[in-house]
There are 2 protein chains.
Amino acid sequence: MSTSLRSEAARAATPVGNVFDANCSARHALELISGKWAMLILPALREGPMRNAGLLRKIGGISQKVLTETLRDLERNGLVIREDRRTMPLHVEYRLSALGRSLSDALVVLDRWAEQHFPALDAARERYDALIRRARVE
Amino acid sequence: MSTSLRSEAARAATPVGNVFDANCSARHALELISGKWAMLILPALREGPMRNAGLLRKIGGISQKVLTETLRDLERNGLVIREDRRTMPLHVEYRLSALGRSLSDALVVLDRWAEQHFPALDAARERYDALIRRARVE
DNA sequence: CGGGATCCTTAGCGATACTG
DNA sequence: CAGTATCGCTAAGGATCCCG
């Protein structure tokens, strides 16, 4: 989200291709990805178009508001295509653009990384916190 | 960051491996990645250990505070190793753990995606905004 | 059904000053 | 040098109600 409210910042971005440069276009693209929701929405759309309610069900913990905002932002940046068949009752579908699909390839890798390595992270956290607790007691 | 302040939530997380489940450990791992900073810090450490000041210089736009917080969070989760040679003047180095390196592999893919495709995103945004403006004028 | 509009709370984060 | 501590703002995002 947010991007839609930052037209100023977006316009000020220099069109350079190094993510380490603050305020360049590449960094802006990266910020679109960051935030957990894009990392879940785009992979969720990989197996085919989905509707609002379906995404709400599939992506645990997301609110209606944030889902709408994020989808709009993704649509604005050309990653998602919103198709509104103008019927009653309403029927709106979201699907990946070619660009969005290419990004989702990279994102599912991340998702799988998280799913594979979370036990190691959990263990590391416990170790770290135990050390801290010992240090605090001295 | 944040993770260190959410020991409660972390403890409540069910140890399940599907990122689409809210509040599972895999999701927690994903949230560690989300936020743009981890996506920049971990790749920045790929070519070798770096110090605080070096990271501040390399990663444009990050503040001292956020850098410290993020590094601590990454360290806590076992992705980064902090080495404090206890000398004067101070000398602290950060480097990737094996786990952190494996994650950075996935992250550099994202960074490169952003660097390659930002023109397409920029173009899409302009198109979208132009359409919106037309619609608003009617 | 798929949102928009509001209100409201909090976390994120910058700025600044201080310390071993 | 590499942080910690404090203040203060802003904006992300939840909850709720409404609408075509």
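Here is the naming used below: chain letters follow the sequence lines, and residue numbers restart at 1 for every chain.
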Tell me the interatomic distance from [X], atom [atom1], to [N], atom [atom2], rounded to whole angstroms.
{"X": "A:Q64", "N": "C:dG4", "atom1": "CD", "atom2": "P", "result": "9 Å"}
{"X": "B:E83", "N": "D:dC1", "atom1": "CD", "atom2": "P", "result": "19 Å"}
{"X": "B:M88", "N": "C:dT19", "atom1": "CE", "atom2": "P", "result": "15 Å"}
{"X": "B:Y94", "N": "D:dA2", "atom1": "OH", "atom2": "P", "result": "8 Å"}
{"X": "B:R82", "N": "D:dA2", "atom1": "CZ", "atom2": "C1'", "result": "8 Å"}
{"X": "A:L56", "N": "D:dG13", "atom1": "CG", "atom2": "P", "result": "15 Å"}
{"X": "B:I132", "N": "C:dG4", "atom1": "CD1", "atom2": "C1'", "result": "14 Å"}
{"X": "B:D73", "N": "D:dG3", "atom1": "CG", "atom2": "P", "result": "15 Å"}

What verdict does the side chain to side chain contact (heavy atoms under 4.5 Å, CB included) test give for A:R101 and A:R95, after you've listed the backbone C-alpha separation in whole Å, the side-chain angles of each residue and the deciding distance to 0.1 Å? CA-CA 9 Å; A:R101 177 160 296 279; A:R95 62 182 213 272; over 6 Å; no
Taking only the side-chain heavy atoms of [X] (C-beta and beyond), determine which of [options] contains the nearest atom.
{"X": "B:V92", "options": "D:dG3, C:dC1, C:dG2", "result": "D:dG3"}
{"X": "A:V66", "options": "D:dG20, D:dG13, C:dG3", "result": "D:dG13"}
{"X": "B:T68", "options": "D:dT4, C:dG3, D:dA2", "result": "D:dT4"}
{"X": "B:L90", "options": "C:dG3, D:dC1, D:dG3", "result": "D:dC1"}

Name the residue from [options] that meets the side-chain contact (heavy atoms from CB on, under 4.5 Å) definition with [X].
{"X": "B:D129", "options": "B:E126, B:R133, B:R127", "value": "B:R133"}
{"X": "B:L110", "options": "A:V19, A:L107, A:V109", "value": "A:L107"}
{"X": "B:T70", "options": "B:I41, B:V80, B:L40, B:L42", "value": "B:I41"}

Heavy-atom distance under 4.5 Å between the side chains of A:F20 and B:R57, does that happen here? no
Is there a side-chain contact between B:N18 and A:E115, using heavy atoms and a 4.5 Å cut-off? yes
Result for 5'-nearest mapping on DNA chain D, choosing between B:K65 and B:P89, is B:P89
Compare side-chain N and O positions of B:S63 against OP1 and OP2 of C:dG14 and report whether any pair is under 4.0 Å apart. yes
Ignoring backbone atoms, establish whether B:R72 has a side-chain N or O less than 4.0 Å from OP1 or OP2 of D:dT4. yes
Could you identify which residues of residues 46-55 of chain A place a heavy atom less than 4.0 Å from some atom of DNA chain C, listed by residue number, or say none? A:R51, A:N52, A:A53
Quick check on side chain to side chain donor-acceptor pair (under 3.5 Å): which of B:R51, B:R85, B:R82 does B:E93 satisfy it with? B:R85
